[in-house]
Structure formats: structure tokens, C-alpha cells
Undergrad: 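Below is the structure I would like to discuss, written out as C-alpha cells.
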Amino acid sequence: MSDSRADIAHVLRRTTFGPFPGQVDTFADRDAEAVLDDLLAAPSPETELPELGTDDDDTLLALWWLERMAAPEAGLHEKLTLFWHGHFTSSMDKVDTPKLMLDQHRLLRDHALGNFRDLVRAITIDGAMLRWLDGADSTGDAPNENYARELMEVFTLGHGTFSEADVRAGARALAGWTIDDRSRVTFDPARAFNGTVTFLGRTGRLDADDVADAVCDQPACAPFVAGRLHRFFVGTDPDDRRRAELAEVFTASGLEIRPLVDAILRDPSFMAARHTRPRYPVEWVVPVTPVLGATLDDTWPLELLGQRLFHPPNVAGWPAGPRWLSGGPTMVKAALCTWWWDDTEVVDHADPVAAALERASIYDASETTRAAMADAVRHVEGRREQASLLLALAVCAPEFQLDPARRQLGRCRRRRLSDRPPRRQ
Amino acid sequence: MPGGNDGLSMVVPFGDTAYPRLRSATLVDPSKVLALDDRVGLHPNLRRIHERGVAVVQGVGTPNPDLSHFAMLDRWWTGDTTGDAVPGTGFLGRLCDAVGSPDAACVGLSIGAGPSRALIAARTTTLALPDLDAAQVLAPSEDDTQLSAFRSGFAAMMEPTADDEFAAARRGGRDALSFAALARSAAETGADDSYPGFDLASRLQLAARVLAADVGVRVVHTAFGDFDTHDGHVDRYPTLMDELDQSIDAFVSDLEGAGLADRVLIMTISEFGRRARDNGSAGLDHGAASAAVLVGPVRSGLYGEYPSLTKLDDDDNLRATVRLDEYYATIAERWFDVPASDVLAGAPRPLDVALA
């Protein structure tokens, strides 16, 4: 018996917003490698963005995006769009104009699996970013340092790789880009810096494209970006050797994002990386709603969980890692499940515990989790109440936040929905 | 006060002739400043705090400033003044370990913004609380059979096992359960409804209820505002000061009503101050030395030394006169009676601030 359903679930969990109920079974005749091949080969979809009416705000955008994440065809491109939103951050809290957030979202979608240099050039003069990091108010006479600094420190190169003089020079080179009163980005030469600057070793009358090129050409750039993507998919930072390997792939391709992602996901370290990368709140909410039979018609659950789309808390976005497993989010997940459980469909099975785990795409749950669920359900009567209870426990289980338990070699515990009652242990 | 709080605007050197030369667009009107002596005073919107009495720590920062939010936040959270040590625990977490009980459901609490790095502790439990209602789901009344069954199943799932691949997730689950019980008793304590409608005020109100429930919480950490006023400083800063002033005033009144006011010290921190000279577009870039305030059972006054407005550092920023670990040492020793060397590297000396 192979590990295949657990492996497929692992791949889907890391590269899409699922698995959704029953989704793993649709790959019944394939293995995880084949599923990964398909995901990597899928072309980036052309997505039609919503129209924004005068009263519409970012909530509409967020709900639209959550629907896109839940669509069956949502794959790697969708996941990368979320990654870039948390990387090249801008928050509606400060940008305050839905149209600008929508334009930025379109930009991130267009470049998500494309060329990194093109992405940096575009985001540098993006309207939402100009407002978020104060480029729109920056002038040659009074240059605002915010974007120049964060571009280098947080977006492309990392702390300690540039000087304060570079920050000042970058700010001057970028000055002049602004937003007009119809929320359109324009360049006003009268606001630009009139003179020569030296930025990251490049001297001249530099402009925004020069700034973007200079950061991309820095030796620190490829390893920095490769490290960020590695952490996002694998859950840990790459060691120095691996980081250098990935940087080489990225550089050799001309800073194309797709080959870099390919190199990260095809490496054995990706399939072996279990329990290393907790779900982000968005990655919890999107599959949980169909598992529980709920409908997401507002964004407050994500706010409570600490990841409100289009509102990153600061320029560093939403950090990966164990904070999503801590007491606060865990408490909120428990609350959400119980608030949603009136919406649960009644599912009629001979083994409700197994059925609930299956619906949550948890293959090979730990004994602790199984026993806890089996014991809890004895205290509740009524099929609807039992189903709700078990599904809530399944999506709060550690296996759902991380990955299923490591399967012991030689023991096959695969269960299928069938008419046969389960064997007594 | 995340983002970098402008010490020059909170504690205004109105008597220094260099001040208006540095601050053209962002000058605070000297005639409106709440004087603390003939040189220095509080921002006009800190009227209530001024009336209650406040200890001002001038010039707090580091001898080797970094202008990065993240680098400086790390130093403040971990209590590492120069950025060399990078402890694994947070300064507030180490205080919790020193004064709290390992058996308490929660000794350090972060309200509103998610888990706080400052509260990472080795022995005691520290938690982040997003919302009081959400917290109580895991402490249901026994009448609700389904919720009780959920709670017992949840608790069973979160029990640690010998070879625990899920240690972090299960610990999070157990913390959620402990805190649910705490939240339940805090909710039952009852609240005073006289707080203004600011974010900071609602977080402080929650803090007051948790403290009144007296379940072992010794440190509460919360953040408000975005102080990163690269632009719009003139409009944004007075609003922030007003939020601080009204929220703290309501909080202290609440604590007085609960008989707790002499047991709670309020302190502020920010990762850095702002550039001495304004940037001409009504904004201020990242700076270095700032100011901090202490409210509560303190002897009012000015402590430390106001940074020189003429002898600036190489980035045109104010030079600190008090190290952040000296400020922290003051809290550790003068408030908590914990030797500074127990919670900070290098045995920094506390300021001579009288904290009851």
C-alpha cells in the first residue's frame, strides 16, 4: 500500500488552497509526483477582475479573491499571488483607495510566476505602493526615504546589505512619481530630483527603472528572494548550500520565478518537509468552509485570525511559522467551528469519525486525534450534532494545521468510504 | 507605539532655541505645550496624563542606532541594546519568568496584535488574546452538551505524547484552553463602560478586566497607532496623542474603581524616535533617540537628559542619553524588585525613578 493519498494531500496543501472534500480521491490513479507535475505545468490563468462600484470597498475584493482560491482550478499561480501580496505589501489602511488596491492586485497576478525584474520595476511605480510607502509625496527637494529603504531591506536584499547613503540616493532617484486626483499614477518631472546620485554602486541621473535594475543586479538579491520562497513552501529557511543552489537557478534563468518555484518543489526536501509549515489563516478558512458546509460571506473570520487580505499589518507582511499555531489563533478557530456548525451538512456513514477525517482530507490521523474524536461523539445524540462535532474537531486537529502524522512503515491504514463496517481494533 | 514615536513632539523642548530651527513644518506650538519645567513640556493633547502626573524618560535609545524598524523592534523586544546578543526570550517574557508562577494559566498577555515577541518566556505561559467572546468557546457551561463534548474532545486531542511531532500545535491548543477559563472569569467580573471609542481604550478595558480577575497575569502588552509618520505628521500626531491621553485616563480611572491603581504601572516603548530635522513635506524620517513616559504610582518628573539638538549623530539624529536596557532596568528593579542582571545582559543601571 502506498502513502499516496497522504502525499497527494501534502502537495495540494502546500501548492493550492485545498485539499477540498473529496479532491484527493479524484487523483485516485495517480501518485504525488504526477500531481505535482500537473500543478507545475499548468499555465497561469487569465483571471477577470471584479468591477468596483463607487460604494465597493476592499471587502468585496477580498471575498472575490477567497472565491478564486476555492475554485477547483486554483493552483500554484493563485498561491504565488498570495505570496507576493504578503511580500510586496501594501495595506488598504493607508492606501485608502479600492481602485489602487485592485490595480496592485492585477499587477501581482500578472507577474506571479513571471519575471522578477519586471515585477520589481512595475511595483516600484504602482499606485498603491506609492501611497503605502510614501513615494507619492516624495519630491527631489524633500525626498521621502521609506520606499527606497524597504525595497532593499524587506523586498529584495535584506538587512545589512546597503548603506544609509544608498537609501538617500534611492529616494532621490525615485522622486517624481505621484498619483493624480483621479487615482492614476503619473510622473511629474517638476517633482523629480535634478542631479546625479550613486545608488548601490551605480552613478548617474538614475530613475525608477535604474533603481529596480540595480537591486536586481545585486548579488544579495537572488539568494534573498529564493530564501523567502523556500520558506513559504517548505516552511524553513534553506541552508547556505541550498540557498546558493536556488539562487543560481534563479539567476541563470534571468530571474524567472517559475523555474525557481519548480526547483524548490521538485527537490526531495519539499516532499520530506512535514510538520514544518503551518497553514496561514487564509489557507485554513478556505478549505474549512466547504468541509463544514459553511459559506464565507464576510471577512471578519480572517480578521480575528490575524490575516485580513489587503491589510497586511506592516511592511513585512504575515510572517510564516509557528505563530499561527499559538493559543490566540487556535482559540479563534475553535470559536469559528462552533459558530459555523449549524451550517454542517448531515453526512450519513457507518464510521462517522473516519468519514469526518476523510472529509477534512486527513489520511492517517494520529491515535490521539482518532481516540479524542471517538470519545467525544459518544456524548452527543443526533446525526447532525455528531457530524458537526466531528468535523469541527477534525479541522482543529494538529494534523489539519500541519500535515498528517508520519505513516509507520509496513502498516497500511488506508480506509475508504464503503458499505463495510470498520474492523474493530 | 509601533513605527517610531517622535520624542520631540511628545516631550517638546520648547525652551531650546534650536528646536524651531529643526522643526519648521512640524513644530509644536510652544505656547500650547504643557510645561514640565522651563525647557521641556508635554504635547498639548496629553492634558489628562499631565494632570495625573507622569515620569518622563528623556533621550532613551541606543549608542549604535539602526534605522530599520525590524532591527530596532528586535532590540526593544529582547532588551538587547546594541543588537549583539539576540536573546531567544523577550524582555517582558523574562520578567514574567522572574515574577510569575509557572502554574498560572497566563502570566504575560498580549492584547490585539497577535503573539508578541517581547513576551516569549522560558518557564511561564504568555498568550495573545484577540477577542474575549472567541476565547470563551473553550470554557462552555455544562448545560451545553455539544459544546462540552467539543471541549473535551479538543482537550484530549491536545494532550502531549511521548514522540510528539505536533508539540507546537498541541501546546497552542492547551494554551487556548487555559486562557478560555481565564477569559470566562474575566467576563464574569463585569466592566465599567466609561471608555472612549479608541482601539487603545478597548484594549486597555480588556486589560483592566483581566487584571481585576486576578488570575496571575503580571504583564500586559498592547500596541496602538502607526507612529511611522513619514508624512502627514502634523495631522496624525495630535490624534495619536489624544488617543493615548484619553485611553490611559479611562484605564487608570477603571483601575482606581477596582482598587488596583497602586498595583499597575503603565510604560511606553517605541523602536526609535524620528529625524531631528523634518523632511519639508510635513513628515519625519526614521530617527534614533526618543522619549518614554511612565504613568501610575510614580513620582512625576523628568529623568535622563534631553538629547542635544545641536550635536547630532552622522545621520542627523538625536543621540541617546539613556540606554534602552537602563530604562528596562528601572522597570525591573524599581517596580518588580527583580535584579536587572536577572533579566538583562551586562547589569545595566536603573534610573533613579521612584516607582511605588
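Each chain gets a letter, A, B and so on, in the order the sequences are listed, and its residues count up from 1.
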Undergrad: Relative to chain B, which of A:Asn146, A:Asp141, A:Leu389 shows the most heavy atom pairs under 4.5 Å?
TA: A:Asn146
Undergrad: Sort B:Leu67 into side chain, backbone, both or neither according to what part of it lies under 4.5 angstrom from a heavy atom of chain A.
TA: both
Undergrad: Quick check on A:Trp324 against chain B: is it the side chain, the backbone, both or neither that has a heavy atom closer than 4.5 Å?
TA: neither
Undergrad: Which pair of heavy atoms, one from A:Arg13 and one from A:Gln401, lies closest together, and at what distance?
TA: NH1-O, 4.1 Å
Undergrad: Check whether the side chains of B:Ser148 and B:Glu142 place a donor and an acceptor atom closer than 3.5 Å, and report yes or no.
TA: no
Undergrad: For B:His230 and A:Asp134, does a side-chain donor sit closer than 3.5 Å to a side-chain acceptor?
TA: no
Undergrad: Heavy-atom pairs under 4.5 Å with chain A are the metric here; pick the option from B:Asp314, B:Asp231, B:Asp315 that has the most.
TA: B:Asp231
Undergrad: Check whether A:Glu150 gets within reach of chain B through its side chain, its backbone, both or neither, counting any heavy atom under 4.5 Å.
TA: side chain
Undergrad: Is the shortest heavy-atom distance from the side chain of B:Leu22 to the side chain of B:Asp278 under 4.5 Å?
TA: no
Undergrad: Based on non-hydrogen pairs under 4.5 Å, which of B:Asp285, B:Asp226, B:Asn279 is most in contact with chain A?
TA: B:Asp285
Undergrad: Identify which part of A:Glu385 has an atom lying under 4.5 Å from any heavy atom of chain B, answering side chain, backbone, both or neither.
TA: both
Undergrad: For A:Pro278, is it the side chain, the backbone, both or neither that has a heavy atom under 4.5 Å from a heavy atom of chain B?
TA: neither
Undergrad: Which one of A:Thr139, A:Thr338, A:Leu393 has the most heavy-atom pairs closer than 4.5 Å to chain B?
TA: A:Leu393
Undergrad: So which residue, A:Ala371, A:Ala372, A:Gly382, ends up with the most heavy-atom pairs under 4.5 Å with chain B?
TA: A:Ala372
Undergrad: Under 4.5 Å heavy-atom distance to chain B, tell me which part of A:Ala316 shows up: side chain, backbone, both or neither.
TA: both
Undergrad: Should the ring pair B:Phe224 and B:Phe227 be called parallel, tilted or perpendicular, given that the plane angle runs from 0 to 90° and is split at 30 and 60?
TA: perpendicular
Undergrad: Does any heavy atom of chain B fall under 4.5 Å from the side chain of A:Thr369, the backbone, both, or neither of them?
TA: both
Undergrad: What's the separation between atom CZ in B:Arg151 and atom CG in B:Leu147, rounded to the nearest 0.5 Å?
TA: 11.0 Å
Undergrad: Using distance alone, with no hydrogens and no angle criterion, decide if A:Thr178 and A:Asp188 have a side-chain donor and acceptor under 3.5 Å apart.
TA: no
Undergrad: Return a table of donor-acceptor pairs under 3.5 angstrom between the side chains of residues 154-172 of chain A and protein atoms on other chains or two or more places apart.
TA:
{"unit_1": "A:Thr156", "atom_1": "OG1", "unit_2": "A:Leu151", "atom_2": "O", "d": "2.9"}
{"unit_1": "A:His159", "atom_1": "NE2", "unit_2": "B:Asp66", "atom_2": "OD2", "d": "3.0"}
{"unit_1": "A:Thr161", "atom_1": "OG1", "unit_2": "A:Gly158", "atom_2": "O", "d": "2.7"}
{"unit_1": "A:Ser163", "atom_1": "OG", "unit_2": "A:Ala165", "atom_2": "N", "d": "3.3"}
{"unit_1": "A:Ser163", "atom_1": "OG", "unit_2": "A:Asp166", "atom_2": "N", "d": "3.1"}
{"unit_1": "A:Ser163", "atom_1": "OG", "unit_2": "A:Asp166", "atom_2": "OD2", "d": "3.2"}
{"unit_1": "A:Glu164", "atom_1": "OE1", "unit_2": "A:Arg149", "atom_2": "NH1", "d": "3.4"}
{"unit_1": "A:Glu164", "atom_1": "OE1", "unit_2": "A:Arg149", "atom_2": "NH2", "d": "3.1"}
{"unit_1": "A:Glu164", "atom_1": "OE2", "unit_2": "A:Arg149", "atom_2": "NH1", "d": "3.0"}
{"unit_1": "A:Asp166", "atom_1": "OD1", "unit_2": "A:Leu200", "atom_2": "N", "d": "2.9"}
{"unit_1": "A:Asp166", "atom_1": "OD2", "unit_2": "A:Ser163", "atom_2": "N", "d": "3.0"}

